Amino acid sequence: MLHVDVMDGHFVPNISIGPPVVKSIRKATDMFLDCHLMISNPLAYVESFSKSGADLISFHIECDSDVEETLEKIINAGVKPALVIKPKTPAEAVFPYLEKLAMVLVMTVEPGFGGQSFMADMLPKIKAIREKANQVNPDLLIQVDGGIVPETAELCVEAGADVLVSGSYIFGAENIENAVNSLR
Ligand code: ZN
């Protein structure tokens with residue numbers, strides 16, 4: 001998957017990629033586009049990201065939009081829905097939504113900046129979500145984002161993560177293919 005970090009300069013201080021860039025990426029590749037919306041009002045942008053070619057849209061449970069309504073809008077657009085939790089948000093926050101979700105993203109750094117180091121105290125959170133999902137939605141994927149290198153990747157997978165997001169480790173490597181293979 002290609003993970004696209006979308007920042008609005010409001011939910012997080014940085015500004016990054018918006019729908020026109022996603023549209024351009026879509027033209028260039030058939031890869032699964034996983035759009036991580038670090039924005040205050042995801043509900044208002046579901047349509048533009050789905051029309052731009054997103055295959056999955058994840059948004060923060062800490063955002064200002066109504067969570068239920070935003071999930072419905074994503075599902076009705078034919079896009080896979082996912083929820084994201086920041087380091088200070090407990091695992092239980094996503095439990096009411098697990099049956100509807102394709103994926104939960106557990107942030108292992110504070111969202112908004114690349115290159116931060118991994119927060120190991122997020123591992124019990126991954127485990128708690130995995131255990132709950134096994135009861136209500138065994139197909140649910142758990143994704144981790146932030147500080148992923150081979151050592152932390154192993155810890156996340158042991159805790160129950162299925163999808164590892166890596167930016168700095170892969171794109172900062174001399175050989176991207178080797179970096180991806182070492183995570184796998
Ligand atoms: Zn991300």
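Indexing begins at 1, ligand by ligand and atom by atom, following the structure's order. A quick note: this is a predicted structure, and the numbers were derived from the prediction, not measured.
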Inset, instruction - Assess Lys86 against Phe11: is NZ or CZ under 6.0 Å from the centre of the six-membered ring, and within 45 degrees of the ring's axis? - result: yes

Legend entry - Cationic N near anionic O, under 4.0 Å, Lys80 to Asp34: no

Inset, instruction - Take Lys88 and Glu110 through the salt bridge (Lys or Arg N to Asp or Glu O under 4.0 Å) test and state the conclusion after the steps. - result: CA-CA 9 Å; Lys88 289 192 183 85; Glu110 283 298 332; 3.7 Å; yes

Inset, instruction - Report yes or no: do Leu33 and Val84 belong to one cluster of Ile/Leu/Val/Met/Phe/Trp/Tyr joined by side chain heavy-atom distances under 4.5 Å? - result: no

Inset, instruction - Specify which N/O/S atom of His36 comes nearest to the Zn ion (ligand 1), by atom name. - result: ND1

Inset, instruction - Quick one: the OD1 of Asp5, the Zn ion (ligand 1), NE2 of His3 angle, rounded to 10°, please. - result: 100°

Inset, instruction - Could you check which N/O/S atom of Asp145 is closest to the Zn ion (ligand 1)? - result: OD2

